[in-house]
Protein chains: 2
Amino acid sequence: MRSKGAFRTGIARDSNLTEASVSRILNELRKENIVEEKRQQTSNAGAPTGFVTLSKDIAILGIELSNSRLSFGVGDLKGTLDYVERMPASPQLSQQDFEHLFAEGTANIREWIGARGIALRQAAMSVPGYGREGGNPIYPWDIRRLALLLGEALPGVPLTFTNSVIAQAAFHRYSYPAGYDISGDHLFLFAGHGVAGVIVNDAAPVDAFSAFEIGHMVIERDGLPCRCGHKGCLEAYTSLRAISPIIGLSDADILTRGDHFMEALSVDPTARKALRERQFLLGLALGNALNLHSVPKVVISGWPSLMPEADRVAIADGLNQSLLGGYSPERLELAFIEPLIGNDPKAALHYAAYCFVRGGALDEKSGQHAALEEIA
Amino acid sequence: MRSKGAFRTGIARDSNLTEASVSRILNELRKENIVEEKRQQTSNAGAPTGFVTLSKDIAILGIELSNSRLSFGVGDLKGTLDYVERMPASPQLSQQDFEHLFAEGTANIREWIGARGIALRQAAMSVPGYGREGGNPIYPWDIRRLALLLGEALPGVPLTFTNSVIAQAAFHRYSYPAGYDISGDHLFLFAGHGVAGVIVNDAAPVDAFSAFEIGHMVIERDGLPCRCGHKGCLEAYTSLRAISPIIGLSDADILTRGDHFMEALSVDPTARKALRERQFLLGLALGNALNLHSVPKVVISGWPSLMPEADRVAIADGLNQSLLGGYSPERLELAFIEPLIGNDPKAALHYAAYCFVRGGALDEKSGQHAALEEIA
DNA sequence: GCAGGATAATTACACTGTGTAAATATGTGG
DNA sequence: CCACATATTTACACAGTGTAATTATCCTGC
């Protein structure tokens with residue numbers, strides 16, 4: 001799932017099939033107009049080899065609920081957005097008002113694709129906190145009803161839901177050219193409007209991932225109140241909303257400025273000290289989380305990525321207080337990547353592409369499925 | 001993996017194969033002397049059906065490092081122990097002294113099985129904290145060297161290592177008749193000499209489980225010192241060693257008395273209050289853990305299972321302070337099972353049985369493999 | 001321009017393991 | 001002893017794989 005395509009040799013190697021099997025499978029997929037292939041000369045002598053990409057002619061829909069807004073985007077399997085609409089959506093909306101907003105958005109899409117003769121093949125929606133059987137205390141809406149509404153506006157388009165941090169992790173990991181180059185199992189930690197993580201496992205399909213609600217780990221008994229109703233949650237200390245009073249910007253300002261919001265400031269020493277303390281708590285919670293699910297690498301996407309590297313040492317200090325065996329750079333690799341604040345619904349569109357590839361009647365064990373996953 | 005065998009119809013159903021395929025596969029396994037089959041009349045008319053069990057003639061070895069002792073046991077695939085030896089093993093032993101102890105134990109086994117003409121087919125060893133790439137701060141020995149020592153004493157016997165809590169979870173879950181009857185994904189939490197958990201996932205093989213080092217989650221900043229070197233770990237509050245001063249028994253006494261250790265006491269109100277506070281902290285950590293890996297059920301095996309049910313409410317109180325969405329019996333099922341204190345090395349023997357079944361050249365995707373797993 | 005060599009893709013063939021359904025086996029009751 | 005019910009086995013067809021031979025497609029040198 002790399003969005004940039006693959007050579008036949010690589011597909012064969014990574015899917016554990018022979019070139020012969022890959023050849024048969026690609027013939028099928030070409031007939032179904034799912035992949036495209038361009039032969040390229042890659043050696044001085046010999047026949048050109050095929051470079052296989054996903055078809056550009058497949059339109060998909062990404063819907064994202066984040067940053068207190070509901071975003072819709074139509075694009076292709078590579079993640080190129082051709083249509084975007086973002087609508088304010090407060091968590092305080094009633095179920096009915098929220099559904100009305102959603103229906104309005106899908107009606108606008110129907111109009112846009114109707115004018116262009118575009119047929120949507122897949123939709124995906126990411127929601128913070130989605131997937132927990134215990135319910136979602138932050139967005140209490142019945143999200144599954146949206147499938148009915150989408151079915152009315154866009155009949156026949158399959159819709160898949162996922163947790164926002166899973167879509168974010170998949171997007172940051174696999175999109176081209178932005179994807180980060182960290183292989184192997186790792187924890188992807190996102191500190192934005194919400195704080196959450198996900199274990200990224202190269203051997204598992206993305207839809208087998210589950211979100212780590214690390215933001216609601218209680219790291220300070222009777223601490224700051226959190227929007228989830230408890231006290232002392234990590235998110236109460238480390239979300240963008242939690243640090244906006246420290247740096248003197250509203251979270252709407254932060255959303256407008258995007259990744260550059262920290263540059264525009266002159267953060268005074270007192271604020272920097274407070275931010276370091278928040279990063280220490282992030283490290284403490286991270287260590288606790290890694291005790292439960294040990295991985296050798298952590299990728300952090302959020303405001304700590306925008307902080308000076310000297311301040312990030314506080315995360316290591318916090319890790320040292322909780323991680324079993326202690327922290328050292330040899331044992332645990334910490335990477336920081338740009339959060340790309342305000343890019344919704346790109347992550348959901350990316351997840352829709354993934355779902356399209358994963359979808360249909362392909363037997364998960366089959367060679368065809370394995371080969372297609374290597375192309376994606 | 002139920003240790004008690006299965007009917008052909010059940011094997012076919014659970015492994016998603018037809019009776020025809022199961023019939024072919026069982027023929028192969030009978031030829032290899034891995035399974036036995038006894039036909040039983042189960043209906044008023046009609047042919048008798050086959051009840052398939054694992055062969056009793058296969059001898060395996062379980063080695064367990066727990067309760068400050070090194071235990072060896074030889075038995076069969078059903079878990080019946082025929083030989084047991086337990087040797088004191090302090091964590092302060094040097095690598096050399098520990099290896100010497102291990103060699104002594106394996107020499108005794110070689111002598112015992114030699115006198116009886118028994119050929120061991122599989123060995124497994126469970127070690128607290130095993131499997132973490134960051135090393136084991138509690139047992140700092142190089143455990144993998146034991147494979148060399150076993151290879152010298154018992155050539156040709158494959159040895160598999162696992163974390164103690166994984167072996168405990170598999171043992172409590174699948175052994176017969178003791179196995180607990182909770183289906184679906186759940187968290188198995190063991191509070192004994194150490195405190196740890198494991199997510200039990202019926203769809204995944206046991207050796208894909210990984211231990212939850214929930215015992216080393218820091219739940220009290222600058223709290224009680226833990227044997228791992230940090231302060232405020234859950235284990236510092238809730239291991240048997242941590243509560244032994246509260247109830248006025250040494251942990252050696254606890255080990256001797258087994259599951260009955262709480263009955264023999266008259267725990268005064270002050271001690272009961274202190275134990276409830278410890279259970280509250282267990283609940284708080286449990287909630288944090290379930291935020292990261294959400295499951296609908298938790299099975300607790302340890303001293304809280306031996307406490308009065310009224311006192312266990314403290315666990316729910318702690319859960320309510322941390323679990324996202326709060327705790328209610330509808331959302332999260334808590335079950336308590338007897339810990340079977342002091343039964344080492346039964347859990348490791350059970351894991352050895354599992355490894356034998358899992359072992360050999362069976363393709364994981366194959367029907368034969370699936371069928372065998374249903375028998376085990 | 002063509003032949004030789006190198007490399008890639010295709011395809012004939014054999015093999016494996018499955019499901020289906022027919023054939024066979026094994027019991028009970030009248 | 002036979003009819004009926006149930007279980008097991010097995011012949012057959014099918015699907016998808018790897019192997020290796022065949023075919024295709026390029027570049028270089030003559």
Side-chain angles (χ1 to χ4, degrees), chain A residues 5-55 357-375, chain B residues 5-55 205 357-358 360-375:
Chain A
F7 285 106
R8 280 182 171 225
T9 48
I11 295 167
R13 183 188 63 240
D14 294 339
S15 59
N16 283 322
L17 295 168
T18 62
E19 305 265 8
S21 296
V22 170
S23 183
R24 287 188 283 260
I25 289 166
L26 287 179
N27 275 337
E28 288 296 317
L29 292 173
R30 265 206 309 278
K31 283 172 188 165
E32 292 166 30
N33 201 27
I34 292 177
V35 298
E36 295 167 352
E37 190 162 11
K38 198 172 80 177
R39 300 190 71 166
Q40 292 177 17
Q41 194 67 32
T42 54
S43 55
N44 277 345
T49 187
F51 188 75
V52 189
T53 56
L54 291 168
S55 176
V357 163
R358 282 276 291 177
L362 294 182
D363 184 339
E364 196 163 324
K365 291 196 215 172
S366 73
Q368 192 185 50
H369 184 273
L372 189 56
E373 284 224 331
E374 292 311 321
I375 297 162
Chain B
F7 285 104
R8 281 182 172 224
T9 49
I11 295 169
R13 182 187 65 239
D14 293 339
S15 60
N16 284 321
L17 294 169
T18 62
E19 303 266 9
S21 296
V22 171
S23 181
R24 287 188 283 258
I25 290 165
L26 287 179
N27 274 338
E28 287 297 316
L29 292 174
R30 267 206 308 278
K31 282 171 189 164
E32 293 166 28
N33 200 27
I34 293 177
V35 299
E36 295 167 353
E37 191 163 9
K38 199 174 78 177
R39 298 190 71 168
Q40 293 177 17
Q41 194 66 31
T42 54
S43 53
N44 275 345
T49 189
F51 188 75
V52 189
T53 56
L54 289 169
S55 175
V357 163
R358 281 277 290 176
L362 294 181
D363 184 337
E364 196 161 325
K365 289 196 215 173
S366 73
Q368 192 184 51
H369 184 272
L372 188 56
E373 284 223 330
E374 292 313 320
I375 298 162

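In the text below, chain A, chain B and the rest are named by the order of the sequence lines, each starting its count at 1.
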Pick out the pairs of N or O atoms, protein on one side and nucleotides 7-9 of chain C on the other, that lie under 3.5 Å.
residue, atom, partner, partner atom, Å
C:dT7, O2, A:A47, N, 2.9
C:dA8, O3', A:P48, O, 3.2
C:dA9, OP1, A:T49, OG1, 3.2
C:dA9, OP1, A:G50, N, 2.6

Exercise. Identify the two heavy atoms, one from B:R39 and one from B:P48, that lie closest to each other, and give their separation to 0.1 Å.
Key: NH2-O, 3.0 Å
Round to the nearest Å and state the distance from [X] atom [atom1] to [N] atom [atom2].
{"X": "A:N27", "N": "C:dT11", "atom1": "CG", "atom2": "C1'", "value": "11 Å"}
{"X": "B:F7", "N": "D:dA7", "atom1": "CZ", "atom2": "P", "value": "10 Å"}
{"X": "B:N44", "N": "C:dG30", "atom1": "CG", "atom2": "P", "value": "10 Å"}
{"X": "B:Q40", "N": "D:dA7", "atom1": "CD", "atom2": "C1'", "value": "14 Å"}
{"X": "A:N16", "N": "D:dT19", "atom1": "CG", "atom2": "P", "value": "12 Å"}
{"X": "B:K38", "N": "C:dG27", "atom1": "NZ", "atom2": "P", "value": "14 Å"}
{"X": "B:R24", "N": "D:dC12", "atom1": "CZ", "atom2": "C1'", "value": "11 Å"}
{"X": "B:I11", "N": "D:dA7", "atom1": "CD1", "atom2": "P", "value": "14 Å"}

Quiz item: Under the 3.5 angstrom rule, does the side chain of A:E19 hit a backbone N or O of A:S21 as a donor-acceptor pair?
Solution: no
Quiz item: Does B:R30 offer a backbone N or O that forms a donor-acceptor pair with the side chain of B:E28 under 3.5 Å?
Solution: no
Exercise. May I ask you to verify if any side-chain N or O of A:S21 is less than 4.0 angstrom from the OP1 or OP2 atom of D:dG18?
Key: yes
Quiz item: Is there a side-chain contact between A:I25 and A:L17, using heavy atoms and a 4.5 Å cut-off?
Solution: yes
Quiz item: With sequence neighbours left out, which residue pairs that include part of residues 9-54 of chain B fulfil the ring-ring contact (aromatic ring centres under 6.0 Å, His included) condition?
Solution: B:F7-B:F51
Practice problem: Determine which pairs satisfy ring-ring contact (aromatic ring centres under 6.0 Å, His included) with at least one residue from residues 14-38 of chain A, sequence neighbours left out, and list them in order. | Solution: none
Exercise. Report the nucleotide, chosen from C:dG27, C:dT18, D:dT17, that has the shortest atom-to-atom distance to any side-chain atom of B:Q41.
Key: C:dG27
